[in-house]
Amino acid sequence: MSEQNYYHYIGTSHLRSDAKEKTTGETKFLTDIPDKGMLHAAPVYSSIPFGETISIDVSVAESVQGYVDFISAKDIPGENQIGVIFQDQPLFADKIVRYVGDSIGLVVAETSEAAYYAARLIKIKYEEHTPLLSIDESRDAENNFIHETNLACKHRVRKGNIEIGFNTADKIVEASFKTPFQEHYYLEPQGCIVTPGNNSNVEIVGTLQCPFYIQKSVAKVLGVNLKNVSVEQAPTGGGFGGKEDIPSELAARVAVAAVKLGRTIKMVYRRKEDVQLTSKRHPFQMHYKVGVKNDGTLVAADILLEENAGAYATLSSVVSYRASAQAMGPYIIPNIHVDSNSYYTNLPPTGAFRGFGSPQAAFGHERMMDVIAAELNMDPVEIRLKNILKPGDATMTDQSLPISVGAEETIRKAVKSSNWNHKNIEDGRYLHGMGISTIHYGNCLGAAGWHMDGSAARIQIQRDGKITVAFGLVEMGQGALTVVKQMTAEALGISPERITVLPTSTEYVPDSGPAVASRNVVMTGNAIRDAAKKLLPILKDAVAELMECKPNDVELTNDRVFCRANNSELTFEELTNYLYITNRKTEELGWWHVRELEYNKDTGIGEAYFTYSYATHIAKVRVDKLTGLVHTDKIWAAHDIGKAINPAGLEGQIEGGTAQGVGWVTTENFITDRGIVQTENLSTYLLPTATDVPDVESIIVEDPEPEGPWGAKGIGEPAVIPTGAAIANAVSNALGVQMNEIPLTPEKVLNIIMKNK
Ligand code: MOS
């Protein structure tokens, strides 16, 4: 019997526990909370990309009916600082503005309409500086600096000796790649409600990913203690990384206003503001120089990654670090140098977006593998299999991976299911092609974020046999509530129907770090197991006492309370009632922290992450020679996730991530002009629709990770990471031209088709 058969509630598909309310409209999102008695705020922001404010005139705005106040830097009781990792971002600009959208103040009014209207009537005079609007302009600027320097951060990998490596190569291949901004376009815009209370307390409810980040930011700008700030997540309509940094800004600004005015204040961004003001995916430009043997063996790589950080660093260091550590993908390479540099520009800040730089780095290494394969006249699958990491091998950062390395299996399974063929086929109006892309994704925060890579789960048993669970990460559409329920049920041996998962709040559990980096299953799952490990002996002891047997003879499984010795059974309710009668402990806090990682941050060598998820996507595309349109007909998506907790949810993640990758590489084209976003809504920023999203065949590979709960690893981000390169590789194969810059818009593709005629 396989181990899987012992599981009752994980490994089988469960209906999402929030599905019904979300589909019927019963779910109360932030804007469904009645706003009677609340004031409303609207942002006042820079209309120029770079310069200084000379004067701010609120006189016209003040005459708007319902106008209450203008809040700015002078109103901040604590520190005027909102930087997530680097302290480079004022909450409200104090003279210098660094992008169109940089925060200057808030208008507070009786209605949201009045607030937005008055905000537009505030007259700001500026002295303009020459803006730096690209990576090249920023890097090459000699006396124009956005901050003290234009280099926001840098990360390095130095392994082996690349000179010697290149000398042993039969061929040295070079190529450059470019990837664009991507807007998260979560359906629910940013928003929060802040209520001031007694004794310096404030309560925050918002649409958000990271309640503990918000708690820290608000405490800092108000100059109060963490305990004064409580943050609760409202049901959240999408995040994708875009609600990692930005909700702290909103909450902190509104908190300053709420404390000053002594009133509850709500602020919800309109789409125009949401698109112009908030963070995006980093554009990358990359240069790869790779040495190979004639048989395809990689011997050396010299890689330069340059990232457009926008006006403030926010999470750029996380992106830059992750991209550096994954820059050559899941392949064996003895000699490698990576330089990953993030440059400030006078554009909206770039931050976290599903993958933290991984889709961009994957675009680099997976396009590069195909460019090399073409040079060597090799099948792209063959060159990947030649170099792929296997158990016992070391990664590009020299991290030995003894176990749970399912990369090769993802390639073999995707190849088999797709009937792989990399030769293009011309069929009348269409050129058909297939492309493959293989990736690894370091789970959780890695060596750079290790100090906050711990999470909690609190399990409480009620007298009536109901269980409540609080966790420190969030449901943002990914299916967290359902897997938390399943994992709690499995850990305690009781039915998921008994379990209620509480809304995430800073009041219920200790700081569990951010809900990012595909952390939820791994972190919360392990924390749940820890809590259950503490509760089970209490339960077994009570049963033993009640049934006059030994705790060792007690079994709690599949919602049955059973005593093996005298072959008798209790109901779970009888047991939970007895816990209360006998004054036993009925609540435990579980905690799990990623083990210490050995990593040298100067050389980038060592355990960058404690484990990796692996994936291979194969895309089949059809390029329309008449219009230049790229149709992605099908994606075979094989993912090694260790253990599937909720297979249906997992497939949902794979399909959603794939759709986001399709958008990034084909339909979405984020355009700015002098720092002003031109594609500010869905008529100009084209998200993939049902007709653009391909048929996705999910292939689940389970190579268990011993440190993951029940062997599980993360899936949230791996779902999007290989898609872009797989499609670009397929289009390159279809056209017979290396497509090294995305998005693959019809104009771009048609130009190439015309040139090739
Ligand atoms: Mo996400 S990029 O892990 O917030």
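Start at 1 with the first residue, then count along the sequence. As the structure lists them, so they are numbered: ligands from 1, and atoms in each ligand from 1.
Take Arg529 and apply the side-chain contact (heavy atoms from CB on, under 4.5 Å) test, not counting sequence neighbours, and it matches Asn526, Pro709, Trp710.
Ion pairing between a basic and an acidic side chain is recognised when a charged N comes within 4.0 Å of a carboxylate O; Glu705 and Lys713 show no such pairing. Checked for salt-bridge contact, Glu188 and Lys243 meet the test: a charged N lies under 4.0 Å from a carboxylate O. A salt bridge links Asp511 with Lys216: the distance from a Lys NZ or Arg NE/NH1/NH2 to an Asp or Glu carboxylate oxygen falls below 4.0 Å. Under 4.0 Å is where a charged nitrogen must lie from a carboxylate oxygen, and between Asp339 and Arg156 at least one such pair does.
Within 4.0 Å of ligand 1, heavy atoms belong to protein residues Gln209, Gly241, Glu244, Ala352, Phe353, Arg354, Gly355, Phe356, Val516, Ala517, Glu717.
With His282 contributing its side chain and Pro180 its backbone, the two residues share no donor-acceptor pair below 3.5 Å.
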